[in-house]
Amino acid sequence: MERTNKELQARADRVFIGTYARYPAAIVKGEGCLLWDADGREYLDFLSGIAVCSLGHCHPVVTEAICRQAAELVHVSNLYYTRQQTELAELLVAHSFADKVFLANSGAEANEAAIKLARIHAGEGRYEVISLAGSFHGRTLATVAATGQPRFHRGFEPLPEGFVHAPFGDLQALEAMICDKTCAILCEPLQGEGGVRPLEAEYLQGIRDLCTRKGLLLIFDEIQTGVGRTGTLFAYEQTGVVPDIMTLAKALANGLPIGAMLTTDTIAASFTPGTHASTFGGNPVAAAAAVATLKTILHEEFLPGVQVRGKYLQDELLKLVERFPALLSGVRGRGMIWGLVLTEKGTGLGSEIVKRMFERGFLFNFAGNVALRFVPPLIVSEVEIDQFLAALAGLLAEY
Ligand SMILES: *Cc1c(COP(=O)(O)O)cnc(C)c1O
């Protein structure tokens, strides 16, 4: 049996379709903010499986919930009820604007459900969804079409009809795109993949007002920002703007695949038996993991702690910008999702910094070809933040 990074990489490269440009490490174990590879090298993880493992790797409460549930019941059709998914939906409803929930397996699936719901709710002839330039909504055909970055479209045309993109930050242009075919506006309160770019509260309020005035649904894609990432359970809570539909996934079960689409009673009524479904959606094991995750995040001391350490990370990143003005132009984000914007445009330097930090045992990535993105587990300590940024400063000093 091969055991080293090199051996495992060679085996994988023989059998996998090359959709990922992977780093040469086979990860074998994780605990808290640390990961270890097959060669025994240790990594400090500021990527969290792309904003997924928010409670850190193998959080004991989640691991226990998974093990207990796996011994009890792993799967049953959605033709029957299970306690675990009902508990999850109750928690989501109790802590959000929503009255009703649909469970899926991923972010793209949650967005697909939202798009289908918006269309069936609006009625025949009203199917167009407006999203924003720079957005990311998933990799299925409809969610790729909704994604406002041409690099995700190339080679896959013709894309499904009914998706248009408004320029970022321009309410007038957005309003001008609304027509009698429009059914919804879809946006992330903070663009994650687009380079950690928050939408200002005033802009979001403007979008909300447009939707209300024109009878459109406002869909918030909180797949990356939700479940505590921005320092509150959902990012919309900090903006004062309430959507009609919200989608969640990534951190919801701390690593098990799950997605959720939340909405109000009135809108939910447009989905009736047979209109939408998922074989695995709300699977008891994923649901049990999600319940354990949410209960941990909802503990009264948890999110205030995230806000304090998130502010610490922001302040330390600002110091780096002051120290390296030729390389870094600014810091943006909320809570525990931060982007360090590079002065240089394009992929070159950002990818190189990420690669060289990987070689030193520090994981993060480069988002939207503009910002180094830091999404450590929400439990990250100040000591770990110091360790990470000392390494980053050391590397930046070499340029
Ligand atoms: C990751 C992400 C998605 C897609 O989620 P998948 O689980 O990969 O399908 C959609 N929207 C946003 C904002 C995301 O960050």
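Just follow the structure's listing: the first ligand is 1, and inside any ligand the first atom is 1.
Taking the charged nitrogens against the carboxylate oxygens, Glu175 and Arg213 do have a contact shorter than 4.0 Å, which makes a salt bridge. Under the 4.0 Å criterion applied to side-chain N and carboxylate O atoms, Arg3 and Glu7 are not assigned as salt-bridge partners. Salt bridge annotation for Lys319-Glu316: present, with a cationic side-chain nitrogen under 4.0 angstrom from a carboxylate oxygen. By the 4.0 Å N-to-carboxylate-O rule, Arg126 lies too far from Asp180 to be salt-bridged with it.
Applying the ring-ring contact (aromatic ring centres under 6.0 Å, His included) rule to His165 yields the partners His153; only residues at least two apart in sequence or on another chain are considered.
Within ligand 1, counting atoms from 1 as listed, the ones closer than 4.0 Å to a heavy atom of Gln224 are 15 (O). In summary, the atoms of ligand 1 found under 4.0 Å from a heavy atom of His137, numbered by their order in the structure, are 10 (C), 11 (N). Every atom of ligand 1 with a heavy atom of Ala108 under 4.0 Å away is listed here by number and element: 4 (C), 5 (O), 6 (P), 9 (O). Listed by number with element, the atoms of ligand 1 under 4.0 Å from a non-hydrogen atom of Ser106 are 7 (O), 9 (O). Within ligand 1, the atoms closer than 4.0 Å to a non-hydrogen atom of Lys250 are 1 (C), 2 (C), 3 (C), 14 (C), 15 (O), numbered from 1 in the order shown. Atoms of ligand 1 found under 4.0 Å from any heavy atom of Glu188 (numbered from 1 in listed order, with element): 13 (C). Interface of Asp221 with ligand 1, defined as ligand atoms under 4.0 Å from a residue heavy atom, comprises 10 (C), 11 (N), 12 (C), 13 (C).
Close N/O approach between Ile223 and ligand 1 is not found [any backbone or side-chain N/O within under 3.5 Å].
Closer than 4.0 Å to atom 8 (O) of ligand 1 lies none of the heavy atoms of the protein.
Remark: the backbone N or O of Gly335 is not paired with any side-chain donor or acceptor of Thr230 at under 3.5 angstrom.
Taking the centre and axis of the six-membered ring of Phe16, the NZ or CZ atom of Arg22 falls inside the cone set by 45° and 6.0 Å.
Of the protein's heavy atoms, Gly107 N, 3.5 Å lies nearest to atom 6 (P) of ligand 1.
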